[in-house]
Amino acid sequence: MSKHVEKWFFNRTFIVFVMVCLWFIGALSLRFFYHQQVSGYQSSIHSQISQRVSMSSALQAELIDKEFSFLAANLKQLGSLSVESPKQVSAFAMRLKNLNPSIWHITIADSKGEVTFSTRVGYQPPISLRDYFAEHLKSNQINFFISSPRQSVIQESALYIAMSYPIRNPEGEFLGVAVTTLTSEALTAQLGKITNNKNISAVLTDQFGKLIWSSNLADGLQKGDVYSLCKDNKYQTSTDLGIYRIKLDDNAQCDFQFLDKWGMYSIVAENLTPSNQLIQRYQNQMVKRNIIILLAFSLLLMILGYQLLKQIESRQLLAVLNQRNKAIIDAMPDLLLTMRIDGTIIDYEVEESFPLLMSADKLNGLNISEVLEPELVEKKLALMASTVLTGEPATLEYPLMVEGKEYYFLERLTALDDKHVLAFIIDITSRREAESKLEWQAYHDGLTGLANRLMFFEFINKLIQDYRRNKREFTILFIDLNGFKAINDNYGHHAGDEILKHTANHLLSILRQTDTLARLGGDEFAVLLPETSPAQAQRVIETIADAIQKPLVYLGNRLCVTASIGMASCPQDATSADELINTADKRMYEVKLTDR
């Protein structure tokens with residue numbers, strides 16, 4: 001009897017012991033897998049947020065640098081024009097404003113702060129009390145100054161910043177400032193879709209934390225919030241991807257780039273609250289599911305079934321995560337490629353309007369060597385290898401012909417691991433076209449398409465340098481049209497414009513390809529004749545005079561002009577640009593007086 005009882009007790013104890021052991025094993029297994037999944041899910045979300053913010057920060061820094069560099073170059077050109085060719089300031093300023101929608105107004109003031117030119121209509125108060133004017137007045141250095149945002153007195157709803165550049169003569173004397181104002185809203189639109197996500201904020205501050213620009217300042221971000229990003233040395237260095245990273249009170253992930261050229265921080269921050277809420281919901285789901293599994297199934301079925309449920313849950317949650325990331329990526333420009341370091345594309349996200357060399361559904365599995373030029377492929381592969389090796393992101397700008405049209409792209413490469421890179425590509429064609437058009441207009445006459453006064457002076461200086469090195473002589477001609485004013489008065493300015501274009505076409509047809517023809521303004525033209533002696537130039541003058549006399553039939557009227565031409569040769573007359581120009585101009589007026 002005792003043996004049966006002992007056997008029964010042993011079996012019961014053994015069964016209970018085995019069940020308890022299995023329960024604990026199952027419970028511990030569930031706890032282990034729970035932490036693994038939550039940790040992996042949390043790491044995946046934070047990794048993607050960190051990568052997204054770091055790429056946005058770097059890309060924003062590059063776009064801001066290009067935007068400010070473009071504005072600074074043209075502001076400097078505008079300052080030079082105000083000294084050398086003040087009559088061209090208005091036309092150049094209006095072209096610059098029309099080509100760049102982020103510009104609100106352009107202003108030029110003298111050394112006392114009195115406004116001498118502005119694109120704003122109406123009374124212009126002095127700017128002598130402005131911070132940028134005071135900064136340039138007290139500093140002898142020729143530097144750009146970018147002010148903090150302020151609200152317009154005239155248009156209360158407009159938040160704007162000002163970029164200014166001092167105007168000085170060759171002796172360094174302060175002559176005034178050239179200023180362009182940019183509205184915060186227009187600058188945000190010019191920088192593209194980087195901060196379209198409502199959880200992402202973009203900020204520019206100076207190196208002391210002073211606010212310059214914010215993408216959503218009007219949406220409630222206060223200046224105090226911006227200052228908190230920079231005070232108390234909160235910037236901390238991270239070696240991950242070579243990007244600086246900070247974390248603010250566990251509620252935002254921020255990256256920033258320091259722009260040495262402008263002394264600014266480009267900061268991009270993403271609010272972590274939605275992501276933390278998503279992680280918390282995931283944790284709650286996992287707890288509930290594990291309790292149901294533990295109570296509903298036996299220990300063995302629980303352990304086996306849990307693996308299956310884990311796979312199903314993982315796929316469902318991964319689909320939710322991918323859908324969320326896809327929505328975020330869709331809100332960003334323009335093409336996102338995941339590639340192996342040999343150039344094979346394994347995944348992509350593309351905006352519908354983005355220009356592609358082929359249909360998007362053919363990208364997966366394609367190698368870039370199959371569609372791009374060998375030279376570009378070699379450069380991209382080298383940059384990918386360098387990015388993977390150093391961990392530093394790389395940027396590449398290049399043109400491509402897509403369906404017969406030339407596009408320009410900006411591509412940023414970031415290493416994902418030792419075998420894969422992420423390529424972030426945006427279309428910058430419109431900005432490149434605007435830059436090229438403005439550059440052409442700065443050096444050409446808008447009516448005739450000829451070189452203008454600035455380009456003419458540059459060519460003269462090049463020929464003088466060539467003479468000093470190689471002793472090659474050259475001649476310049478100044479041409480003034482006689483009878484042009486009478487045509488303008490009698491037939492109107494349209495007839496005068498036609499005469500100018502008629503004259504320009506005739507001159508181009510008789511000059512050599514190595515010669516330079518320029519319109520200096522009004523009815524004045526100039527010609528540069530490289531490697532031409534005075535005797536040879538005299539024959540050119542006779543040919544020009546005959547060509548200009550050919551009449552133009554305009555609305556049934558025969559319109560005729562003649563030319564007074566002055567000549568100066570290097571080295572016979574002078575070896576400096578000013579002396580040659582003065583000599584040619586003086587001789588042109590002597591000829592005009594003689595003709596009269």
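Bear in mind that the values here come from a model prediction, so they are computed numbers and not experimental data.
- Heavy atoms only, all atoms of each residue included: P534 and E473 are closest at CD-OE1, 4.4 Å.
- Within the 3.5 Å criterion, the main-chain N or O of A382 finds no donor-acceptor partner in the side chain of S386.
- Rounding to the nearest 0.5 Å gives a distance of 6.0 Å between CH2 of W104 and OG1 of T181.
- Within 6.0 Å of atom CZ in R469, more than 12 heavy atoms from other residues, nucleotides or ligands are found, so the atom counts as buried in its surroundings.
- Both tests pass for K405 against the ring of Y407: distance under 6.0 Å to the centre and angle within 45° of the axis.
- What you find for I565 and A545 is that their closest heavy atoms are CD1-N, 4.3 Å.
- When atom types are taken as modelled, the side chain of H506 and the backbone of Q549 share no donor-acceptor pair closer than 3.5 angstrom.
- R472 has its side chain out of reach of Y467: every pair of non-hydrogen atoms, C-beta onward, lies at least 4.5 Å apart.
- Residues Y408 and L410 are not in side-chain contact: their nearest non-hydrogen atoms beyond the backbone lie 4.5 Å or more apart.
- The side chain to side chain contact (heavy atoms under 4.5 Å, CB included) test with L376 is passed by exactly one of L381, V371, L400: L400.
- In this structure, the side-chain contact (heavy atoms from CB on, under 4.5 Å) partners of E171, at least two apart in sequence or on a different chain, are N169.
- By the 4.0 Å N-to-carboxylate-O rule, E411 lies close enough to K380 to be salt-bridged with it.
- Interatomic distance, OG1 of T180 versus NE2 of H105, reported as 10.0 Å (0.5 Å rounding).
- In this structure, R539 contributes its side chain and E542 its backbone to no donor-acceptor pair below 3.5 Å.
- What you find for S564 and N482 is that their closest heavy atoms are OG-ND2, 2.9 Å.
- Taken from CG in L555 to NE2 in H494, the straight-line distance is 10.5 Å, to the nearest 0.5 Å.
- A salt bridge links R587 with D573; the closest basic N to acidic carboxylate O contact falls under 4.0 Å.
- Contact annotation: the side chain of L500 approaches that of F525 to within less than 4.5 Å [non-hydrogen atoms, C-beta and beyond].
- Checking side-chain atoms of T575 against main-chain N and O of P571 turns up no donor-acceptor pair under 3.5 Å.
- If you take CD1 on I541 and CE on M567, they are separated by 5.0 Å, rounding to the nearest 0.5 Å.
- Shortest non-hydrogen contact noted between L580 and S569 is CD2-O, 3.4 Å.
- The number of heavy-atom neighbours closer than 6.0 Å to CD of E373, taken from other residues, nucleotides and ligands shown, is 12 or below.
- V177 is not listed as a side-chain neighbour of Y165, based on a closest heavy-atom distance of 4.5 Å or more.
- In plain terms, the two heavy atoms of S118 and T107 that are nearest each other are OG-OG1, 3.5 Å.
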* To do: Determine, stepwise, if the pair D445 / T448 fulfils side-chain hydrogen bond (donor to acceptor under 3.5 Å, both in side chains).
  => CA-CA 6 Å; D445 175 51; T448 62; 2.7 Å; yes
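- Taken to the nearest 0.5 Å, the CD atom of E397 stands 9.0 Å off from the CD1 atom of I426.
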* To do: For the pair S111 and R168, evaluate side-chain hydrogen bond (donor to acceptor under 3.5 Å, both in side chains) and give the outcome as yes or no after the intermediate values.
  => CA-CA 10 Å; S111 60; R168 299 183 183 276; over 6 Å; no
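- Atom CD of E378 has 12 or fewer heavy atoms from other residues, nucleotides or ligands within 6.0 Å.
- Judged purely by atom type and a 3.5 angstrom limit, T116 uses its side chain to pair as donor or acceptor with the backbone of I108.
- With a 4.5 Å cut-off on side-chain heavy atoms, V179 and I106 do not count as touching.
- L529 is listed as a side-chain neighbour of R512, based on a closest heavy-atom distance under 4.5 Å.
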* Which is it for E62 and T395 under the side-chain hydrogen bond (donor to acceptor under 3.5 Å, both in side chains) test, yes or no, and what are the steps along the way? -> CA-CA 9 Å; E62 292 171 6; T395 302; 2.7 Å; yes
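- The structure places CG of L71 at 5.5 Å from CG of L182, a figure rounded to the nearest 0.5 Å.
- The two residues I127 and A109 come nearest to each other via the heavy atoms CD1-CB, 3.4 Å.
- Ring orientation note: the planes of F174 and F133 are nearly perpendicular, at an angle over 60° on the 30°/60° scale.
- Listed for the T503 side chain is no donor-acceptor partner under 3.5 Å among the backbone atoms of I548.
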Can you give the donor-acceptor pairs under 3.5 Å from side chains of residues 453-462 to other protein atoms, not counting sequence neighbours?
{"unit_1": "R453", "atom_1": "NH2", "unit_2": "L520", "atom_2": "O", "d": "3.2"}
{"unit_1": "E458", "atom_1": "OE2", "unit_2": "Y443", "atom_2": "OH", "d": "3.4"}
{"unit_1": "N461", "atom_1": "ND2", "unit_2": "F457", "atom_2": "O", "d": "3.2"}

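- Ion pair D497/K501 not flagged as a salt bridge, since none of the NZ, NE, NH1 or NH2 atoms sits closer than 4.0 Å to an Asp/Glu carboxylate oxygen.
- Looking at heavy atoms from C-beta onward, I479 lies in side-chain contact with V527 at the 4.5 angstrom threshold.
- Contact of the L447 side chain with the R519 side chain is registered, since non-hydrogen atoms from C-beta on lie closer than 4.5 Å.
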* To do: May I have the step-by-step check of side-chain contact (heavy atoms from CB on, under 4.5 Å) for I368 and M384, ending in yes or no?
  => CA-CA 12 Å; I368 60 175; M384 285 192 285; 4.3 Å; yes
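- Within the 3.5 Å criterion, the main-chain N or O of L96 finds no donor-acceptor partner in the side chain of N100.
- At least one donor-acceptor pair closer than 3.5 Å links the side chain of T475 to the backbone N or O of T532.
- Aromatic ring orientation, F145 versus H136: perpendicular (interplanar angle above 60°, classes split at 30° and 60°).
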* Candidate pair L463 and L528, rule side-chain contact (heavy atoms from CB on, under 4.5 Å), full reasoning -> CA-CA 9 Å; L463 288 178; L528 280 176; 4.0 Å; yes
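- A distance-only check finds no donor-acceptor pair linking the side chain of D515 to the backbone of L511 [under 3.5 Å].
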Donor-acceptor pairs under 3.5 angstrom involving side-chain atoms of residues 73-87: please list them, not counting sequence neighbours.
{"unit_1": "N74", "atom_1": "ND2", "unit_2": "F70", "atom_2": "O", "d": "2.8"}
{"unit_1": "S80", "atom_1": "OG", "unit_2": "K76", "atom_2": "O", "d": "3.2"}
{"unit_1": "S82", "atom_1": "OG", "unit_2": "G79", "atom_2": "O", "d": "2.5"}

* To do: Please step through side-chain contact (heavy atoms from CB on, under 4.5 Å) for the pair I146 and F68, ending with a clear verdict.
  => CA-CA 10 Å; I146 300 176; F68 281 0; 3.5 Å; yes
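- Checking side-chain atoms of Q536 against main-chain N and O of S533 turns up a donor-acceptor pair under 3.5 Å.
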